[in-house]
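Notes to accompany the following structure.
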Amino acid sequence: KAGVTQTPRYLIKTRGQQVTLSCSPISGHRSVSWYQQTPGQGLQFLFEYFSETQRNKGNFPGRFSGRQFSNSRSEMNVSTLELGDSALYLCASSSAGIGTGELFFGEGSRLTVL
Amino acid sequence: AQSVTQLGSHVSVSEGALVLLRCNYSSSVPPYLFWYVQYPNQGLQLLLKYTTGATLVKGINGFEAEFKKSETSFHLTKPSAHMSDAAEYFCAVTTNTGNQFYFGTGTSLTVIP
């Protein structure tokens, strides 16, 4: 069974640009959740999508958005990038959602903002 | 509100020694508790979880954790450390409403040969 795939693995952007990250979940999983990992703030929950609907949301500004497609693949978008957005962005898939805690993580997309 | 506190951002143990990683939670409702491990340049992997039932939970790679409600703790242990256990370990909490997922700040485990 293929795992969670995130693309791209590494990217560099400049302040003010926008970025789109992609996450392909494990086949059959309908929940995709996103997390930001930084040395200073640790792992923070961004949002969860389940069957194309945003089900839960963390405490991030509106510059962070996402969507989920009918095949459960999800994208995360960050607009008007700031230096502080430099981070490892992880997505996780689950069959039932974050409430079960059985999350399967991808290897992450490392974003550097210059 | 829920939160998770991991005591000790860095823990070093000798190979073969006991591993003890501490986690305390605060939750206004019965929590679901988890330990995840992250190896360098990889995503997180679930080690074990507690939802209901038996308070001593066994996970992969010989790890176990005990849910102690009176102490609001969920410490991770392993009787004998291996070099391959060197990684970052995260405690996490959610509830059965599952509308948020909170991670601790992580504990980096070093195993000394």
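Bear in mind that the values here come from a model prediction, so they are computed numbers and not experimental data. Because only heavy atoms are used, hydrogens play no part in the values below, and waters and symmetry mates are left out as well, while side chains stay in. Chain naming here is simple, since letters A, B, ... match the order of the sequence lines and numbering starts at 1 in each.
Counting heavy atoms of neighbouring residues, nucleotides and ligands inside a 6.0 Å radius, atom NZ of A:Lys57 exceeds 12 of them. No more than 12 heavy atoms of other residues, nucleotides or ligands shown are found within 6.0 angstrom of CG on A:Asn59. Counted within 6.0 Å of CZ on A:Arg73, heavy atoms from surrounding residues, nucleotides or ligands total more than 12; the atom is thus considered enclosed. Atom CZ of A:Arg9 sits in a crowded spot, with more than 12 heavy atoms from other residues, nucleotides or ligands closer than 6.0 Å.
B:Phe101 contributes atom CZ, which lies 14.5 Å from atom CD of A:Gln44 (distance to the nearest 0.5 angstrom). We find the CD1-OH distance between A:Ile98 and B:Tyr32 to be 12.5 Å, quoted to the nearest 0.5 Å.
Put simply, A:Leu46 and B:Phe34 are part of two different groups of oily side chains (I, L, V, M, F, W, Y) that touch within less than 4.5 Å, one to the next. No continuous path of ILVMFWY side-chain contacts below 4.5 Å connects A:Phe50 to A:Phe47, so the two sit in separate hydrophobic clusters. Both B:Leu47 and B:Tyr25 belong to a common hydrophobic cluster when Ile, Leu, Val, Met, Phe, Trp and Tyr are linked at side-chain heavy-atom distances under 4.5 angstrom.
A:Leu88 places a side-chain heavy atom less than 4.5 Å from the side chain of B:Gln38.
For residues 92-114 of chain A, the pairs satisfying ring pair (Phe, Tyr, Trp, His ring centres under 6.0 Å) are A:His29-A:Phe104, A:Tyr35-A:Phe105, A:Phe105-B:Tyr36, with sequence neighbours left out.
Taking chain A as the reference chain and counting heavy-atom pairs below 4.5 Å, the highest number among B:Leu46, B:Thr105, B:Leu44 is found for B:Leu44.
Contact of A:Leu103 with chain B is made through backbone and side chain together, with heavy-atom distances under 4.5 Å.
Residue-level contacts of residues 59-76 of chain B with chain A do not occur; threshold 4.5 Å between heavy atoms.
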